[in-house]
Protein chains: 2
Amino acid sequence: MGHHQEKEALFDGLVEAARALGNGRRAELIDVLAQGERPVDELAAEINQSIANTSQHLQRLLRAGLVCSRRSGTRIYYSLASPAVERLWRALRDTAEAHTEALGDLVRAYVGDRADLNMITRDELRRRLRQGDVVVLDVRPQPEYDAGHIPGALSLPVSDLKSRLREVPQGGEIVAYCRGPYCLYADEAVQMLTDEGRRAARLEEGFPEWKAEGLPIEHPTT
Amino acid sequence: MGHHQEKEALFDGLVEAARALGNGRRAELIDVLAQGERPVDELAAEINQSIANTSQHLQRLLRAGLVCSRRSGTRIYYSLASPAVERLWRALRDTAEAHTEALGDLVRAYVGDRADLNMITRDELRRRLRQGDVVVLDVRPQPEYDAGHIPGALSLPVSDLKSRLREVPQGGEIVAYCRGPYCLYADEAVQMLTDEGRRAARLEEGFPEWKAEGLPIEHPTT
DNA sequence: TTCTTATTCAAGTATCCACTTGAATAAGAA
DNA sequence: TTCTTATTCAAGTGGATACTTGAATAAGAA
């Protein structure tokens with residue numbers, strides 16, 4: 001037992017998941033799939049790639065065991081293989097944020113400066129939900145809301161927000177949430193609502209982190 | 001803010017750490033560095049690669065922010081950049097073990113069958129340590145012991161074990177530990193000791209996991 | 001059956017990567 | 001200074017990777 005060749009093969013095997021995650025487009029796929037299962041064409045649109053290319057990326061993830069797929073009629077739905085994959089993706093983000101100085105610039109270039117953005121923690125949102133003086137807005141695309149959301153949240157995708165502003169209940173403060181720390185949907189929603197004179201805040205991070213903490217969720221399409 | 005180009009750049013940046021980890025030899029380096037800092041030539045020997053190649057791998061890890069280096073006289077010592085890197089490496093291992101069926105075969109090919117190996121948990125070892133009826137053996141190479149070890153452990157690298165068997169105190173049961181789940185040193189030590197008629201067991205996983213749990217350690221070379 | 005739609009497959013190209021070899025630094029010792 | 005040792009750099013090679021294009025499946029509708 002235990003000669004070089006087997007050791008190399010073992011470690012080569014261990015890093016397969018890292019290689020699968022080691023591509024920006026595939027990471028985007030994982031980030032979207034953390035919201036719930038999606039068919040190939042929708043995923044391709046989400047990451048702005050051709051369907052053929054997206055399909056090949058998905059098969060790479062499949063081979064690495066990070067996702068699984070199921071056929072339903074004419075479409076094939078992909079989803080994360082398990083919560084371990086989400087943990088890996090989160091550990092990767094944490095490491096990247098902690099150590100590559102260059103990343104700060106990349107984050108700023110994409111999300112801008114959140115210093116002046118009204119942001120509340122999960123704990124704070126739970127308190128407010130118990131008090132009942134808050135409107136929670138899920139601004140992700142509809143299928144992601146359907147796959148699971150914070151209890152009592154209203155689905156109002158950012159893409160529709162401008163035209164459906166009147167649907168947002170008057171009165172309480174509004175808390176918008178989306179996919180996670182690198183998703184801008186909630187930022188845009190808060191901006192739009194604030195411009196309309198409403199009081200609005202962004203939930204820190206997003207739905208997968210809420211779920212990962214074991215907080216209550218609604219309608220996981222049972 | 002937030003157009004495709006910046007989003008792609010951000011995710012490309014986020015996965016840099018995964019790409020750096022996405023090579024078996026570099027993963028071996030991380031696994032060794034999780035024991036403590038080491039100079040280039042020793043690392044090259046550990047992963048059975050040329051020094052030039054090892055140096056280039058280390059620089060890749062350096063660029064990704066996973067390790068850092070310091071010069072001391074004529075040698076350059078590399079070490080993990082932070083505990084976040086250890087967490088990432090552990091998350092990767094967990095994901096790999098959970099999802100790629102093929103990995104089971106690779107593990108068996110390298111470590112063999114541990115079913116008949118006497119293995120004890122960290123909790124059990126702590127209990128035994130409090131009772132004081134146990135001899136703890138650190139069978140990793142000397143420099144790794146020097147960089148930190150379980151309190152009261154004796155340093156006895158497997159490579160020296162055969163010739164230094166008489167140094168192992170008589171009486172109590174022996175618990176050997178090493179680098180982690182994919183390290184064979186403790187397995188070999190237990191085998192050797194058992195063959196000598198001693199009662200011996202392997203600690204589950206290894207020193208980094210003991211340390212990560214916040215358990216007491218000795219002599220972190222302050 | 002044919003037609004449509006969603007997905008995968010196959011071939012081609014430019015780029016990146018791992019490892020080798022041999023030369024270049026750079027710190028310390030003599 | 002020269003010599004030694006540890007490490008890095010640079011160039012070269014075979015193989016993997018990302019994306020494109022166009023063809024091939026495969027399920028469902030007509």
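Here is how names work: the chains are called A, B, and so on, in the same order as the sequence lines, proteins then strands, and each is numbered from 1.
Whole-Å rounding puts the Arg26(B) CZ to dC19(C) P distance at 8 Å. In this structure, CZ of Arg71(B) is placed 10 Å from C1' of dG28(C), rounded to the nearest angstrom. Rounded to an integer number of Å, the gap from Arg75(B) CZ to dT8(D) P is 12 Å. Rounded to whole Å, atom C1' of dC9(D) lies 15 Å from atom CG of Leu62(B). The OH atom of Tyr77(B) sits 18 Å away from the C1' atom of dT8(D) (whole-angstrom rounding). The CD1-P distance, from Ile76(A) to dT8(C), rounds to 4 Å in whole Å. In this entry the distance linking CG of Asp12(A) with P of dA16(D) reads 12 Å, nearest Å.
For Ser50(A), a side-chain nitrogen or oxygen approaches OP1 or OP2 of dT20(D) to under 4.0 Å. Under 4.0 angstrom from either OP1 or OP2 of dT17(D) there lies at least one side-chain N or O belonging to Arg60(A). For the pair Thr74(B) and dG28(C), the criterion of a side-chain N or O lying under 4.0 Å from OP1 or OP2 is not met. Phosphate proximity of dA18(C) to Asn23(B): present, with a side-chain N or O under 4.0 Å from OP1 or OP2. Proximity of Arg19(B) to the phosphate of dC17(C): a side-chain N or O atom is located under 4.0 Å from OP1 or OP2. In terms of phosphate contacts, His57(A) brings a side-chain nitrogen or oxygen within less than 4.0 Å of OP1 or OP2 of dC19(D).
Distance alone, capped at 3.5 Å, is enough to place a donor-acceptor pair between the Tyr145(A) side chain and the Ala153(A) backbone. The closest donor-acceptor contact from the side chain of Tyr78(B) to the backbone of Leu43(B) lies at 3.5 Å or more, if one exists at all.
Closest approach to the Gln59(B) side chain among dC9(D), dA18(D), dC19(C) is made by dC9(D) (side chain taken as heavy atoms from C-beta onward). In this structure, of dT8(D), dC19(D), dA26(D), it is dT8(D) that holds the atom nearest to the side chain of Ala52(B). Closest to the Asn53(A) side chain, of the nucleotides dC19(C), dA6(D), dC19(D), is dC19(D).
Taking the ring centre of Tyr77(B) as origin, the terminal cationic atom of Arg70(B) falls inside the region bounded by 6.0 Å and 45° from the ring axis.
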Open item on the list: Could you write out DNA chain D as dot-bracket? Rules: Watson-Crick or G-U wobble, both distances under 3.5 Å, brackets [ ] for crossings, | for pairs with another strand, dot for unpaired.
Closed with: ||||||||||||||||||||||||||||||
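For Glu46(B), the salt bridge (Lys or Arg N to Asp or Glu O under 4.0 Å) partners two or more places apart in sequence, or in a different chain, are Arg38(B), Arg179(B).
For the 3.5 Å distance criterion, the side chains of Asp187(B) and Gln191(B) fail to qualify, holding no donor opposite an acceptor. Remark: the Asn48(A) side chain and the His4(B) side chain contain an N/O donor-acceptor pair separated by less than 3.5 Å.
Across all strands shown, Tyr78(A) has heavy atoms under 4.0 Å from sugar-phosphate atoms exclusively, and none from any base. Base engagement by Ile51(B) is indicated by at least one non-hydrogen atom pair under 4.0 Å involving a base atom.
Mapping Gln56(B) and Pro39(B) onto DNA chain D via the closest heavy atom, the residue that lands nearer the 5' end is Pro39(B).
Looking at Glu16(A) and Arg60(A), a side-chain N of the basic residue comes within less than 4.0 Å of a carboxylate O on the acidic one, giving a salt bridge. Between Arg122(A) and Glu213(A) there is a salt bridge, with a side-chain nitrogen of the basic residue lying less than 4.0 Å from a carboxylate oxygen of the acidic one.
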